[in-house]
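Note: hydrogens, waters and symmetry copies are ignored here, and every other heavy atom, side chains too, is used.
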Amino acid sequence: MMRIEVGIGPLMRTTPIVGVMIIAAIGFCWIFLLSGMNVGVIDMLGETMQMPTPVNMVIMWWVMMLAMMLPGTVGHLPVASGIQKSVIPSSGPFLLGYGSVWFGYSLVVTAMQYGLIYAGILHPMEMASTSTYFNIAVLSIAGLYQFTQVKAKNLKACQRRQPKRNSVISGLAYGVHCLTASIALMCLLFVGGVMNIYWIVALTLIVVVEKTLMDPRTFSTVVGLSCLLTAALIAFRTI
């Protein structure tokens with residue numbers, strides 16, 4: 001069985017070009033995100049701007065998801081130390097499939113976002129929940145989801161190093177596992193604010209740690225209990 005080796009090191013040793021490209025892609029996504037992506041969402045000083053178009057919103061979500069999720073894939077790409085570079089296929093098809101999953105998610109979540117804005121639950125400019133009950137519900141669901149077998153099963157699949165012979169299909173499958181493992185946590189963006197950079201960084205760290213720990217059960221439990229406790233505190237203050 002192939003041992004999971006966390007970090008950029010193994011990737012740089014076997015396929016340095018792929019490693020450099022992934023680092024560049026992650027850096028680009030974060031710079032694009034921090035600069036406000038020039039789509040009228042928010043500038044670097046945090047001043048709210050006009051409401052972006054649906055197309056720009058999809059781009060914003062996709063870049064944000066790649067910025068958050070790509071760092072966690074580094075140690076699990078279909079390359080491994082000790083394999084001759086000449087027999088390592090390109091990771092391009094795999095990453096194309098993986099990125100396609102998050103693009104599909106971005107389409108769905110953008111539709112959800114506009115629906116929540118229309119319902120008066122989400123602030124149209126700050127893109128954060130204005131409903132206490134919505135916050136309690138999302139935090140509770142995210143907390144409970146951490147204890148489900150669906151979460152555990154997909155997180156385990158998302159932790160496995162992928163086969164050497166990659167393809168768009170294997171990238172799609174890997175992306176679906178990672179999406180299913182973290183989908184409840186991603187919904188917390190509506191609570192803390194879709195463009196709240198501190199919230200984005202915090203969720204990114206949680207997702208990366210969960211994917212890289214050999215046994216993430218304790219960490220996942222702590223995250224789940226934290227969400228449930230926060231929901232309970234908000235509910236108590238509301239009563």
**Q** Applying side chain to side chain donor-acceptor pair (under 3.5 Å), can you list everything that pairs with Thr110, at least two apart in sequence or on another chain?
**A**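 In terms of side chain to side chain donor-acceptor pair (under 3.5 Å), with neighbours along the sequence ignored, Thr110 is linked to no residue.
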**Q** Does Leu228 reach the side chain of Phe147, with side-chain heavy atoms less than 4.5 Å apart?
**A**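 Counting from C-beta outward, Leu228 and Phe147 do come under 4.5 Å.
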**Q** Holding to side chain to side chain contact (heavy atoms under 4.5 Å, CB included), I want the full list of residues that pass it with Ile121, two or more places apart in sequence or in another chain.
**A**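 Side chain to side chain contact (heavy atoms under 4.5 Å, CB included) list for Ile121, sorted by chain: Leu116, Ala119, Ser129, Ser131, Phe134.
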**Q** For Asn196, check side chain to side chain donor-acceptor pair (under 3.5 Å) against everything at least two apart and list the hits.
**A**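 If we apply the side chain to side chain donor-acceptor pair (under 3.5 Å) test to Asn196, skipping adjacent residues, there are no hits.
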**Q** If every non-hydrogen atom of Gln113 is compared with every non-hydrogen atom of Val194, which pair is closest and at what distance?
**A**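 Smallest heavy-atom distance, with atoms named: OE1-CG2, 4.2 Å.
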**Q** Relative to each other, are the rings of Trp102 and Tyr105 parallel, tilted or perpendicular (30° and 60° limits)?
**A**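 Perpendicular, since the angle between the ring planes exceeds 60°.
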**Q** For Cys227, what residues pass the disulfide (SG to SG under 2.5 Å) criterion, not counting sequence neighbours?
**A**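 None.
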**Q** Is the number of heavy atoms from other residues, nucleotides or ligands within 6.0 Å of OH (Tyr133) greater than 12?
**A**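 Not more than 12 within 6.0 Å, no.
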**Q** Does some side-chain heavy atom of Leu179 sit less than 4.5 Å from a side-chain heavy atom of Met186?
**A**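 In short, these two side chains do not touch, never coming nearer than 4.5 Å.
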**Q** Taking side chain to side chain contact (heavy atoms under 4.5 Å, CB included) as the definition, give me every residue that meets it alongside Ser106, ordered by chain and number, with sequence neighbours left out.
**A**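 Only Val58, Trp61, Trp62, Met65 meet the side chain to side chain contact (heavy atoms under 4.5 Å, CB included) criterion with Ser106.
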**Q** Examine distances only and state if a side-chain atom of Gln159 and a backbone atom of Leu213 form a donor-acceptor pair shorter than 3.5 Å.
**A**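 Checking the backbone N and O of Leu213 against the side chain of Gln159, a donor-acceptor pair under 3.5 Å is found.
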**Q** Is Trp199 reaching over with its side chain to a backbone N or O of Leu188, donor-acceptor style, under 3.5 angstrom?
**A**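 Side chain of Trp199 to backbone of Leu188: a pair is present.
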**Q** Are Val209 and Phe219 close enough that some pair of their side-chain heavy atoms sits under 4.5 Å apart?
**A**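 Val209 vs Phe219: side chains touch.
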**Q** Among residues two or more places apart or on two chains, list those pairs meeting side-chain hydrogen bond (donor to acceptor under 3.5 Å, both in side chains) that have a residue in residues 142-152.
**A**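 Only Gln146-Lys151, Gln146-Glu210, Lys151-Glu210 qualify under side-chain hydrogen bond (donor to acceptor under 3.5 Å, both in side chains).
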